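Worksheet: the structure to be examined is printed underneath.
Convention: sequence-line order gives letters A, B, ...; per-chain numbering from 1. Note that this is a predicted model, so its numbers are computed, not measured.
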Amino acid sequence: MALELATQDGRDVASRNGAGDQVEHMFTPAVDIFEKDDMTVILADMPGVAPGDIDVTLERQVLTLTGHIKPHAPEGYRRLSSEYREGGYSRVFTLSDAVDQNKIKASVKNGVLRLELPRAAEAKPKKIAVKAV
Amino acid sequence: MLHTRFDPFAGTDPFVDMRRMQSQMNRLFDGLGTSRSVASYPPVNFWTGEDSIVMTAELPGLSQDDIEITVRNSAISIRGEFSDHDSDDDLTWHRRERPKGKFSRSVELPFRVEADQVDARFENGVLTVEMQRPEDEKPKRIEIKS
């Protein structure tokens, strides 16, 4: 299973001195984490991030999900109203060593990153046969 | 009179972040994403051009078949439903923050739009709808005679 290491406090409350437009805001993506059969699945919402701009790194037990967006303001348009802000995404988890780190699968569909973390073979429950002597 | 020497929120709506913070707080406390019905979902951004308007909304996890857009006079409605592909199995949940269920929202536009000329695209979980002003309602330039 995956434990969250630190909530990335990435929400800049105000754009500083009006220069905030150049800086990419980093948000904490909403995630679903569940266990299914022999694997842990992490789904992370990263709308606006192209599949090629998502980085998943695993260093020791630390799993980092990062996504960057390209500014996608429609050309020739000016902003009228904003209810949400566009930005990148970043979130960090620690994995228990029961995850088979070589078999982690990552895929992206419709702005959602799906990570499948299979449980390591040694972590699966083993049945031990009892022999009659 | 309220007067400040500098405006920390120059050019941006300060409530955007407040709402975001509020939703983050809600997420922190209930962890179930049930408080979404309080605010209108999905949040939308509007962009305006010469004779057209663009609406964008972040709807990650939906496919283009899950979203229904209707335009009538000067109102646009979006509705959709998040389908739970994984919920039919025996699952052990650790975290559930992503939105689920149905949503529906109607937004009033600043002008009437041509229903036949609406261009909607859905890419990487972001919906972009471009709407045109009807030809006979476009603002006309008036010549001033001397």
Fill in: Heavy atoms of other groups near B/R72 CZ, more than 12 under 6.0 Å
no

Worksheet entry | Heavy-atom closest contact (B/S52 atom, A/Y77 atom, distance) | OG-OH, 2.7 Å

Worksheet entry | Spacing of B/T92 atom OG1 and A/F34 atom CZ [to the nearest 0.5 Å] | 10.5 Å

Worksheet item: About how many Å separate CD of A/E83 and CE of B/M55, when rounded to the nearest 0.5 Å?
Response: 10.0 Å

Worksheet item: Do B/K100 and A/D32 pass the side chain to side chain contact (heavy atoms under 4.5 Å, CB included) test, and can you show the C-alpha distance, the side-chain angles, and the key distance before you say yes or no?
Response: CA-CA 11 Å; B/K100 55 183 187 288; A/D32 279 358; over 6 Å; no

Item to complete: Determine the minimum heavy-atom distance between A/D45 and B/P99, stating which atoms define it.
Response: OD2-CD, 3.5 Å

Item to complete: Answer yes or no: are there more than 12 heavy-atom neighbours, outside A/E116 itself, under 6.0 Å from its atom CD?
Response: yes

Response to the item:
Value for CZ (B/R95) from CD1 (A/I42), rounded to nearest 0.5 Å, stands at 10.0 Å

Discussion item. Heavy-atom pairs under 4.5 Å with chain B - which of A/A44, A/P51, A/P47 has more of them than the others?
Written reply: A/P47

Worksheet, complete the sentence: So, the part of B/E130 with a heavy atom under 4.5 Å from chain A: the answer is side chain

Discussion item. Surrounding CD of B/E81 (heavy atoms of other residues, nucleotides or ligands, distance under 6.0 Å), is the total greater than 12?
Written reply: yes

Worksheet item: For A/Y84, does its backbone N or O pair with a side-chain atom of B/N45 as donor and acceptor, under 3.5 Å?
Response: yes

Worksheet item: Got a second to check how far A/L43's CG is from B/R96's CZ, nearest 0.5 Å?
Response: 9.5 Å

Worksheet item: Atom NZ of A/K36 and atom CH2 of B/W93: how far apart are they, to the nearest 0.5 Å?
Response: 10.0 Å

Discussion item. Before you tell me yes or no, could you show the steps for A/E86 and B/V126 under side chain to side chain contact (heavy atoms under 4.5 Å, CB included), namely the whole-Å CA-CA distance, both residues' side-chain angles and the distance that decides it to 0.1 Å?
Written reply: CA-CA 10 Å; A/E86 298 94 348; B/V126 179; over 6 Å; no

Worksheet entry | Heavy atoms of other groups near B/K102 NZ, more than 12 under 6.0 Å | no

Practice prompt. To the nearest 0.5 angstrom, please state how far the NZ atom of A/K109 sits from the CG atom of B/N124.
Written response: 13.0 Å

Worksheet entry | Heavy atoms of other groups near A/K105 NZ, more than 12 under 6.0 Å | no

Worksheet entry | Main-chain N/O of B/G125 paired with A/N110 side-chain donor or acceptor, under 3.5 Å | no

